[in-house]
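Quick notes on the structure that follows.
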Amino acid sequence: MDSGLENVVAAETVLSDVDGLNGRLTIRGYPVELLAASMAYEDTAHLLWQGFFEELPDVAALGARLGSARAEVFALVKSIPAGLDTVRFLRTGWSLLEDDESLECVLRLAAAGPVFTAAAVRLEQGLPPIAPDPSLSQSADFLRMMTGKVPTQAEARALDAYLVTVSDHGLNASTFTARVVASTRAGLTSAAVAGLSALKGPLHGGAPGPVLDMIDEIGTPQNAEAWIDEALGRGDRLMGFGHRVYRVRDPRADALKAAVARLPGTSGRVAFAEHIEKAVLGCLAKKYPSRKLETNVEFYTALLLEALGIPRAAFTAVFACGRVLGWTAHAQEQVSTGRIVRPRSVYKGPVPVMA
Ligand code: CMC
């Protein structure tokens with residue numbers, strides 16, 4: 001019995017490889033650092049989906065199809081009840097889409113992520129949602145729909161770096177969930193909605209908002225160690241640190257740190273975050289001398305999304321907009337095995353009552 005399934009291999013995949021001992025992440029043959037530095041969202045969608053969808057268009061045509069799909073799904077925004085937090089808004093919106101295993105379905109899911117997330121942010125601010133501009137890239141349009149202004153090239157590039165960095169990551173909790181759902185042939189929309197439901201927990205994709213809360217509560221460099229020791233003393237988990245697979249630093253942390261550093265005006269915030277990071281790592285090493293706990297992806301995710309002006313309440317939904325590429329590719333890969341996922345349990349309940 002292995003309750004966290006850490007020693008269970010439940011799939012063969014061509015999509016990504018997480019090398020936890022050496023701190024390497026490979027996504028379909030590309031080191032994550034290369035992906036983050038050079039690929040756009042559309043390139044990565046093509047990379048992950050190729051071989052899993054018939055008639056997948058080339059990258060340029062895929063970008064155009066995503067643009068038209070954004071415009072189509074915008075009509076659904078008014079059917080989503082107002083007053084929902086960003087994740088529930090996105091989950092409700094996604095669940096309104098057709099649910100099958102087609103190219104059309106995956107395009108709409110991917111396109112709807114930014115449309116519904118941006119609409120939720122605007123409504124939360126008491127502002128009307130902004131209609132998509134299909135001529136823009138997915139990342140540029142995402143920021144435009146959220147903030148009301150066309151982003152600079154550097155900003156759109158930074159969001160691309162984030163979305164592609166988190167696009168896939170082996171058999172993490174939400175991807176495994178998506179594969180289980182897909183294995184029943186429930187459809188890609190069901191797989192994505194289930195993936196998002198697993199992602200939203202604070203131990204998975206819910207961490208980056210609380211990372212900023214921690215940075216804000218610490219407030220000054222001098223306060224860092226005392227704050228951290230107190231939190232660890234209470235038994236709190238420090239968000240943005242530790243990982244089930246990595247025994248060294250998560251390679252995505254540095255890919256995203258580099259992306260934040262490329263944005264103008266971020267050097268002060270990055271320096272403060274580095275100070276806190278160092279203090280957290282020192283305190284964790286003291287508390288867990290035999291267990292290497294390192295920085296994970298969420299720490300610099302928080303800084304990057306903050307620098308792009310995205311409110312922290314939307315961070316998990318933005319994560320989902322990147323990870324939906326991986327969920328849907330994994331879902332199709334699982335379907336191609338023709339096996340429903342159905343593990344077993346050990347019964348520990350009362351012995352049967354004899355008649
Ligand atoms: N802060 C304080 N203590 C920690 C932390 C942390 N961030 N991470 C692990 N520990 C403790 C943990 O409580 C355990 O202590 P004990 O033996 O006393 O119960 C010990 O270290 C060993 O834990 P582990 O076996 O390494 O942890 P795990 O594999 O069960 O959990 C984790 C992995 C990511 C859920 C955990 O490290 C954590 O809760 N981190 C904070 C939340 C976070 O940043 N999540 C984002 C993960 S990266 C994005 C993703 O891929 O989902």
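All figures in this text were calculated on a predicted structure; none of them were measured in a lab.
To the nearest 0.5 Å, atoms CZ (R88) and CD1 (I80) are separated by 12.5 Å. Atoms OG1 and CD1, on T220 and I276 in that order, are 9.0 Å from each other to the nearest 0.5 Å. Note that CG of L212 is 4.5 Å distant from CD of E306, once rounded to the nearest 0.5 Å. Note that CG of D141 and CG of D133 are 5.5 Å apart. Values are rounded to the nearest 0.5 Å. How far CG of L109 is from CZ of F116: 9.5 Å, rounded to the nearest 0.5 Å. E12 CD to E333 CD: the interatomic distance, rounded to the nearest 0.5 Å, is 9.0 Å.
Q334 approaches S183 most closely through the heavy-atom pair CG-CB, 3.7 Å. Closest approach of V73 and A112 over heavy atoms only: CG2-CA, 3.8 Å. Closest of all the heavy-atom pairs between V324 and A110 is CG1-CA, 4.2 Å. Closest approach of P134 to A71, counting heavy atoms only: CG-CB, 4.0 Å. Here the closest heavy-atom approach between residue E33 and residue P251 is recorded as OE2-CB, 3.5 Å. Here the closest non-hydrogen pair linking L263 and T266 is O-OG1, 2.9 Å.
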Quiz prompt | Chi angles and distances behind the side chain to side chain contact (heavy atoms under 4.5 Å, CB included) call for L35, D43 | solution = CA-CA 9 Å; L35 222 64; D43 301 313; over 6 Å; no
Exercise. Using the side chain to side chain contact (heavy atoms under 4.5 Å, CB included) rule, take I228 and I218 through it: C-alpha gap first, then chi angles, then the decisive distance, then the call.
Key: CA-CA 8 Å; I228 295 160; I218 291 175; 4.2 Å; yes
Self-check item: T316/T86 under side chain to side chain contact (heavy atoms under 4.5 Å, CB included): CA gap, chis, key distance, verdict
Solution: CA-CA 8 Å; T316 305; T86 322; over 6 Å; no
Quiz item: Going through the checks in order, is the side chain to side chain contact (heavy atoms under 4.5 Å, CB included) test met by V297 and H169?
Solution: CA-CA 11 Å; V297 63; H169 198 240; over 6 Å; no
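In this structure the side chain of T295 never reaches within 4.5 angstrom of the side chain of V280, judged on heavy atoms. No side-chain heavy atom of F241 sits under 4.5 Å from any side-chain heavy atom of L293. Proximity of R179 to T13: side-chain heavy atoms (C-beta onward) are separated by under 4.5 Å at one or more points. Contact of the I215 side chain with the F272 side chain is registered, since non-hydrogen atoms from C-beta on lie closer than 4.5 Å. In this structure the side chain of E294 never reaches within 4.5 angstrom of the side chain of H243, judged on heavy atoms. Between P208 and R312, the closest side-chain pair of non-hydrogen atoms is not below 4.5 Å. Looking at heavy atoms from C-beta onward, E298 lies out of side-chain contact with D250 at the 4.5 angstrom threshold. Contact check for R24 versus P31: no side-chain heavy atoms found under the 4.5 Å cut-off.
H330 contributes no side-chain N or O that, together with a main-chain N or O of T175, makes up a donor-acceptor pair within less than 3.5 Å. Side-chain atoms of R339 never come within 3.5 Å of backbone atoms of S336 as a donor-acceptor pair (strictly under, hydrogens ignored). Between the R157 side chain and the T152 main chain, no donor and acceptor come within less than 3.5 Å of each other.
Within 6.0 Å of atom NZ in K278, 12 or fewer heavy atoms from other residues, nucleotides or ligands are found, so the atom counts as exposed in its surroundings. Residue-environment remark: OH (Y30) stays at or below the threshold of 12 foreign heavy atoms within 6.0 Å. Dense packing is recorded around CZ of R291, with more than 12 heavy atoms of other residues, nucleotides or ligands lying under 6.0 Å away. For E225, the CD atom counts as loosely surrounded, since its 6.0 Å shell holds 12 or fewer non-hydrogen atoms of other residues, nucleotides or ligands.
For R28 and D168, the salt-bridge test fails: no basic side-chain N is under 4.0 Å from an acidic carboxylate O. Between R234 and E230, at least one side-chain N (NZ, or NE/NH1/NH2) sits under 4.0 Å from a carboxylate O, which counts as a salt bridge. Look at E277 and R249 and you find a salt bridge, because one of the NZ, NE, NH1 or NH2 atoms lies within 4.0 Å of a carboxylate O, short of that distance. The pair R269-D216 counts as a salt bridge, with a side-chain nitrogen and a carboxylate oxygen less than 4.0 angstrom apart.
Under a hydrophobic-cluster definition in which Ile, Leu, Val, Met, Phe, Trp and Tyr are linked whenever side-chain heavy atoms come within less than 4.5 Å, directly or via other members, L281 and V211 are assigned to the same cluster. Neither L238 nor V248 shares a network with the other; the hydrophobic side chains, linked directly or stepwise wherever heavy atoms of I, L, V, M, F, W or Y lie under 4.5 Å apart, form separate groups for each. By the rule that hydrophobic residues join a cluster once side-chain heavy atoms approach within less than 4.5 Å of another member, F74 and V150 end up as members of separate clusters. In terms of hydrophobic clustering, with Ile, Leu, Val, Met, Phe, Trp and Tyr side chains grouped at heavy-atom distances under 4.5 Å, I130 and M146 are assigned to different clusters. Under a hydrophobic clustering in which Ile, Leu, Val, Met, Phe, Trp and Tyr are joined whenever their side-chain heavy atoms come within less than 4.5 Å, directly or via other members, F319 and M214 fall into the same cluster.
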Name the atoms and distances for all side-chain donor-acceptor pairs under 3.5 Å in residues 160-167, with sequence neighbours left out.
residue: D160; atom: OD1; partner: Y41; partner atom: N; Å: 2.9
residue: D160; atom: OD1; partner: S139; partner atom: OG; Å: 2.7
residue: T165; atom: OG1; partner: A161; partner atom: O; Å: 2.6
residue: S167; atom: OG; partner: V164; partner atom: O; Å: 2.8

For residues 186-206, tabulate all N or O donor-acceptor pairs below 3.5 Å that involve a side-chain atom, not counting sequence neighbours.
residue: T189; atom: OG1; partner: E98; partner atom: O; Å: 2.6
residue: S190; atom: OG; partner: D99; partner atom: OD2; Å: 2.4
residue: S197; atom: OG; partner: R91; partner atom: NH1; Å: 3.4
residue: S197; atom: OG; partner: V193; partner atom: O; Å: 2.9
residue: H204; atom: NE2; partner: N172; partner atom: OD1; Å: 3.4
residue: H204; atom: NE2; partner: S174; partner atom: N; Å: 3.2
residue: H204; atom: NE2; partner: S174; partner atom: OG; Å: 3.0

Under 3.5 Å, side-chain donor or acceptor atoms of residues 347-355 against the rest of the protein: list the pairs with distances, not counting sequence neighbours.
residue: Y347; atom: OH; partner: P350; partner atom: O; Å: 2.6

Give the table of side-chain donor-acceptor pairs shorter than 3.5 Å for residues 47-55, with sequence neighbours excluded, one pair per line with atom names and distance.
residue: W49; atom: NE1; partner: T328; partner atom: OG1; Å: 3.0

Could you pull out every donor-acceptor pair under 3.5 Å between side chains of residues 119-129 and any protein atom, sequence neighbours left out?
residue: R122; atom: NE; partner: P128; partner atom: O; Å: 3.0
residue: R122; atom: NH2; partner: P128; partner atom: O; Å: 3.2

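Residue V18 is tested with L25, T26, V32 for a side chain to side chain contact (heavy atoms under 4.5 Å, CB included); the sole match is L25.
Listed by chain and number, the hydrophobic cluster partners of L171 are L5, V8, F176, V180, V341, where partners are ILVMFWY side chains within reach of under 4.5 Å, directly or through others.
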